[in-house]
There are 2 protein chains.
Amino acid sequence: MSPKPGIDGKALGRLPNLAWLSPDQLQGLAQSLVPQKIKRRDTIFFEGESANRVFVLLSGVAKLSFIHRDERVLVGLVGPGEVFGVSSLLPHMTRPFRCDAFSDCTIGVVRPETFVGLVLGVPLERFSRTLEITVGRWWMMLQRYTNFVGLSVRERLAGALLELSAKFGVEDARGTLLTLKFTHADLAELVGASRQRTTEQLNEFEDEGIIIRDGRRVIIVPQQLRALIETPANETARPAHDGVGQNRRN
Amino acid sequence: MSPKPGIDGKALGRLPNLAWLSPDQLQGLAQSLVPQKIKRRDTIFFEGESANRVFVLLSGVAKLSFIHRDERVLVGLVGPGEVFGVSSLLPHMTRPFRCDAFSDCTIGVVRPETFVGLVLGVPLERFSRTLEITVGRWWMMLQRYTNFVGLSVRERLAGALLELSAKFGVEDARGTLLTLKFTHADLAELVGASRQRTTEQLNEFEDEGIIIRDGRRVIIVPQQLRALIETPANETARPAHDGVGQNRRN
DNA sequence: GCGGTTTTGTCGCCTTGGCGACAACCCGTC
DNA sequence: GACGGGTTGTCGCCAAGGCGACAAAACCGC
């Protein structure tokens, strides 16, 4: 695993992110990292790929973007010395972002098992699980928020309801029953909308049969909601409400 | 550290999040967790506090919210069995969110050193560092996005410029020089705005002396930008542009 | 220097959605 | 079963900002 020109352990140690590793660790990492050059605008990995490598950016700048039906959101930039592609450290994960080179880059590629073994001295499995229960939540939240950028209130609310039903829902003859009683104001806070607009949107959902109200409790029909999120701006059952659509860049 | 009624290791193992721990680990965790009851609407921790405990939610539902000048965004909900307050696992961290009980809760409190020791068998310091270089980025991104909810393009752009200058900036007589050349379209993607609006806003910033343009390169004056972000909707130098302000809930 | 490409600057029109102000209403409590 | 606070439903007005369409610059490879 070290046939290529190779990377210098000392050089790695000068990267601020890795300076705390012991000389031995740096040495090991340097040997395990497979160097690779990437040209500006080329893609390092695609969203949806199964995540089985970790990357270290050795030089250049890379760009992480989230893509939702040809809407792309620049999620962040990676600078020299940073470790990226870390979704491979979580259990059975596919990459949520696409990563491409913003300028010409050199990267080091390594298997997650090797990386975790070297840096922590713990089997990947264990680390993975620990990550999942601790920072897994951040991951979910991050995905939610990147998703939200550029969506209408309608879509954000749909997404939020779906999430809530997955987490706090109970199956019911008519759909998924939300066990907690959320006020419209709560939901508004959750999706970043005004209380009034949230009320209106919920009523629209009810008209469209996407949610059912049982007193002040809510029952959700997940299929319809999911459809609503996948599909561009259009109507699912009733062609009444004119959908949405002021969220496209150019 | 087990004077209280105590928590049952077996019961902990039934929480889906923790089921993978060995009986010994569960036992140890059960003994280390200090149980505590929290009443609905009471606060478990405040934003800004120094983060030196990890929590496990044993029953009930808790609510994480991000607060930015009395605008509060409901960031997420914590269900039974989940581990939260994990910012204490990162080095010298203060809590970014406030957490309060959405319903009556019982929680288990534990020191991060103990938690990591039990679950991973590694010293906190080492785990902490590893977390930082791997998932630290998510953390930053998450904070950015929660921040962004309910902000105007002006403010989001200001924030993004600040972030970029911190990461890719070089000090200069007049301020911080951005070394990469971003097109307005890049910036627009980053803040989730249209390209045109981004152009306009950048020009406004230039008029106000918040940024300086040197050909197509940009120099940033961090103080002014920072001021702009802290202050409600008003003007920093020139009272010309009428600021913003359609982002308050009720 | 030249011509094509990329980036920037500006309009105008139009939708989304924030916000204040109430009225109606539900629901638990005394 | 009446009261009162929290919640929901609805309007109207208006600011923010998306989007198309171009024109003007700046940039780049030859």
Side-chain angles (χ1 to χ4, degrees), chain A residues 40-41 69-73 102 148-158 160 178 180-207 211-218 232-234 241-250, chain B residues 40-41 70-73 102 148-158 160 178 180-207 211-218 232-235 241-250:
Chain A
R40 179 174 145 78
R41 302 207 161 273
R69 45 170 200 257
D70 72 271
E71 171 89 7
R72 69 160 52 208
V73 182
F102 192 81
F148 275 11
V149 171
L151 293 190
S152 63
V153 167
R154 179 183 173 82
E155 295 164 297
R156 298 207 300 275
L157 189 54
L178 273 196
L180 286 95
K181 41 180 183 158
F182 293 101
T183 69
H184 293 181
D186 288 329
L187 291 172
E189 255 181 43
L190 189 57
V191 300
S194 67
R195 197 229 85 245
Q196 296 94 316
R197 189 71 190 65
T198 306
T199 297
E200 286 173 29
Q201 189 56 65
L202 284 171
N203 290 338
E204 279 184 37
F205 282 160
E206 192 177 10
D207 289 356
I211 66 176
I212 301 164
R213 265 184 279 192
D214 182 5
R216 217 162 250 183
R217 282 221 163 34
V218 179
N234 66 1
H241 312 275
D242 62 6
V244 225
Q246 100 167 114
N247 24 291
R248 196 108 293 132
R249 313 275 164 279
N250 75 339
Chain B
R40 179 174 144 79
R41 303 209 161 272
D70 74 271
E71 171 91 5
R72 69 160 51 206
V73 182
F102 191 80
F148 274 11
V149 171
L151 293 190
S152 63
V153 167
R154 180 184 172 84
E155 295 164 297
R156 299 207 299 275
L157 188 55
L178 272 196
L180 287 96
K181 42 181 178 149
F182 293 102
T183 69
H184 293 183
D186 288 329
L187 291 173
E189 256 182 40
L190 190 58
V191 300
S194 67
R195 196 230 87 243
Q196 296 92 318
R197 189 70 191 65
T198 306
T199 298
E200 286 174 30
Q201 188 57 65
L202 284 171
N203 289 338
E204 278 184 38
F205 281 159
E206 191 176 11
D207 289 356
I211 66 176
I212 301 164
R213 264 184 279 191
D214 183 4
R216 217 162 250 185
R217 281 224 165 31
V218 178
N234 66 1
E235 60 304 298
H241 312 274
D242 62 5
V244 225
Q246 100 170 108
N247 23 292
R248 195 108 293 131
R249 312 275 164 278
N250 77 338

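In what follows, chains carry the letters A, B, and so on, assigned in the order in which the sequence lines appear, proteins first and then strands, with residues in each chain numbered from 1.
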Over how many whole Å does the gap from [X] atom [atom1] to [N] atom [atom2] extend?
X        : N      : atom1 : atom2 : value
A:His184 : D:dT10 : NE2   : C1'   : 14 Å
A:Phe205 : D:dG9  : CZ    : P     : 14 Å
B:Leu202 : C:dG9  : CG    : C1'   : 12 Å
B:Glu155 : D:dG17 : CD    : C1'   : 14 Å
A:Arg40  : C:dT6  : CZ    : C1'   : 11 Å
A:Glu206 : D:dT10 : CD    : C1'   : 16 Å
A:Glu200 : C:dG20 : CD    : C1'   : 14 Å
B:Arg217 : C:dT7  : CZ    : P     : 14 Å

Can you identify which nucleotide, out of [options], has its nearest atom closest to the [X] side chain?
X        : options                : answer
B:Thr183 : D:dT7, C:dT7, C:dT10   : C:dT7
B:Ala193 : D:dA26, C:dG17, D:dG18 : D:dG18
B:Ser194 : C:dG18, D:dG18, C:dT7  : D:dG18
A:Arg213 : D:dG9, C:dG18, D:dA21  : D:dG9
B:Arg216 : D:dG18, D:dC27, C:dT10 : D:dC27

Any side-chain donor near an acceptor of the partner, A:Thr198 and A:His184, under 3.5 Å: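 The answer is no; no qualifying pair exists.
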B:Thr199 versus B:Gln196, side-chain donor and acceptor atoms under 3.5 Å: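 Judged by distance alone, the side chains do not pair up.
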Sugar-phosphate, base or nothing in reach of A:Arg156, heavy atoms under 4.0 Å: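 Result for A:Arg156 = nothing.
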Sugar-phosphate, base or nothing in reach of B:Lys181, heavy atoms under 4.0 Å: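 If one applies the 4.0 Å heavy-atom cut-off, B:Lys181 turns out to touch the sugar-phosphate alone, with no base involved.
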Measure distances between side-chain N and O atoms of [X] and base N and O atoms of [N], and say whether any donor-acceptor pair falls under 3.5 Å.
X        : N      : result
A:Arg154 : C:dG17 : no
A:Gln196 : C:dG20 : yes
A:Arg195 : D:dG9  : yes

Most 5' of A:Arg197 and B:Arg41 on DNA chain D, judged by nearest nucleotide: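 First, find each residue's nearest nucleotide; the 5'-ward one identifies B:Arg41.
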Salt-bridge criterion met for A:Arg195 and A:Glu189 (N-O under 4.0 Å):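 No, A:Arg195 and A:Glu189 are not salt-bridged.
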N/O (side chain, A:Asn203) to phosphate O (OP1/OP2, D:dT8) under 4.0 Å: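 So the side chain of A:Asn203 is outside the cut-off, no N or O lying under 4.0 Å from OP1 or OP2 of D:dT8.
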CG-CD distance between B:Leu157 and B:Glu200, expressed to the nearest 0.5 angstrom: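 Between B:Leu157 CG and B:Glu200 CD, I get 12.0 Å after rounding to 0.5 Å.
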Spacing of CZ belonging to B:Phe182 relative to CG belonging to B:Leu190, to within rounding of 0.5 Å: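 Nearest 0.5 Å value for the CZ-CG distance: 7.5 Å.
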